[in-house]
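Report on one structure; see the data block that follows.
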Amino acid sequence: IDNDSPAVHLFAKENVKEGIFKYSYTEMEGRKNDYTVAFKNPALHYKEDRRRVRNQTLIDTYGRAPEDFIAVGCNDADEAICRATVKLLSDQTEVETVTFDTTREGLYLEPYDVILVSDDDMDAVITGRITGTDGPRIVNLRDHVYLEAGFTHELVINREGFELATLTISAVSVGTATNVLHLLEDL
């Protein structure tokens, strides 16, 4: 389900039971590559009309994997094609599922909430345990992290007395993999 809302929680080895994430992947041959979408067409006096959206390269390579669906509430051919295209792209790109057991933090999640998973065993690492500091504005991490350019990145830490502090990360640390974060504010 496409959901543009911000993530509500981050799950990492530290807050997952036994620190274990289990991954599963869809088989390439089982991914749908040929969609037929049905909708009510006002030009046909609201009779059912159909449009086909497919990826011929994938069909030629892996065989046809068809799927029919009804675009509920749709009465425009372009919208129906758009919906089928989104399903086709999602089926080809959303191919990984992660499962894990968590503590009571999982009780605060609602269906379709967006979450982040930070697993340092995967290739795309976005985690880093603090190992030390060099002065009030440099933080050393256990693992390398990659912070994508073009965004504002923040580090949230617990200070003494369990006070949360949100500190902006300097552009010096952005755009390359690093285990040293430069902050714009003092710790």
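Computed from a predicted structure; not experimentally measured. Index from 1, following the sequence.
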Going by side chain to side chain contact (heavy atoms under 4.5 Å, CB included), V139 matches just one of D134, L155, T131. Which one?
L155
Check this for me: does any side-chain nitrogen of one of K47 and D49 sit under 4.0 Å from a carboxylate oxygen of the other?
no
Taking R137 first and then D186, would you say they form a salt bridge - that is, a charged N and a carboxylate O separated by under 4.0 Å?
yes
Kindly write out the residues that satisfy salt bridge (Lys or Arg N to Asp or Glu O under 4.0 Å) with [X], not counting sequence neighbours, or none if the list is empty.
X: R54; value: none
X: E79; value: R83
X: E48; value: R50

Going by ring-ring contact (aromatic ring centres under 6.0 Å, His included), name the pairs with one or both residues in residues 75-104, residues two or more places apart or in two chains.
F11-F100, F21-F100
According to ring-ring contact (aromatic ring centres under 6.0 Å, His included), does anything in residues 75-95 pair up with another residue at least two apart or in another chain? List the pairs.
none
Show which side-chain atoms of residues 59-66 pair as donor or acceptor with protein atoms under 3.5 Å away, not counting sequence neighbours.
{"from": "D60", "atom 1": "OD1", "to": "Q56", "atom 2": "NE2", "distance (Å)": "2.8"}
{"from": "T61", "atom 1": "OG1", "to": "T57", "atom 2": "O", "distance (Å)": "2.8"}
{"from": "R64", "atom 1": "NE", "to": "D34", "atom 2": "OD2", "distance (Å)": "2.5"}
{"from": "R64", "atom 1": "NH2", "to": "D34", "atom 2": "OD2", "distance (Å)": "3.3"}

Under 3.5 Å, which donor-acceptor pairs link side chains of residues 167-174 to any protein atom two or more places apart or in another chain?
{"from": "T168", "atom 1": "OG1", "to": "E185", "atom 2": "OE2", "distance (Å)": "3.3"}
{"from": "S170", "atom 1": "OG", "to": "V172", "atom 2": "N", "distance (Å)": "3.2"}
{"from": "S173", "atom 1": "OG", "to": "H182", "atom 2": "N", "distance (Å)": "2.8"}

Non-neighbouring partners of E110 that pass side chain to side chain contact (heavy atoms under 4.5 Å, CB included), sequence neighbours left out
D113
Hits for side chain to side chain contact (heavy atoms under 4.5 Å, CB included) against N179, two or more places apart or cross-chain, chain-then-number order -> L141, H144
Is there a path from V8 to V117 through hydrophobic residues (I, L, V, M, F, W, Y) whose side chains come within less than 4.5 Å of each other?
yes
What about L183 and I130, same hydrophobic cluster or not, with Ile/Leu/Val/Met/Phe/Trp/Tyr joined at side-chain heavy-atom distances under 4.5 Å?
yes
Residues clustered with [X], ILVMFWY side-chain links under 4.5 angstrom:
X: F69; answer: Y35, V37, V53, I81, L88
X: L44; answer: none
X: L107; answer: none

C74 and D76: which non-hydrogen atoms are nearest, and at how many Å?
SG-O, 3.3 Å
Heavy-atom closest pair, residues D101 and V16:
O-CG1, 3.2 Å
Hey, is CG on L89 packed in by over 12 heavy atoms from elsewhere, all under 6.0 Å?
yes
For Y25, does the OH atom have more than 12 heavy-atom neighbours from other residues, nucleotides or ligands under 6.0 Å away?
yes
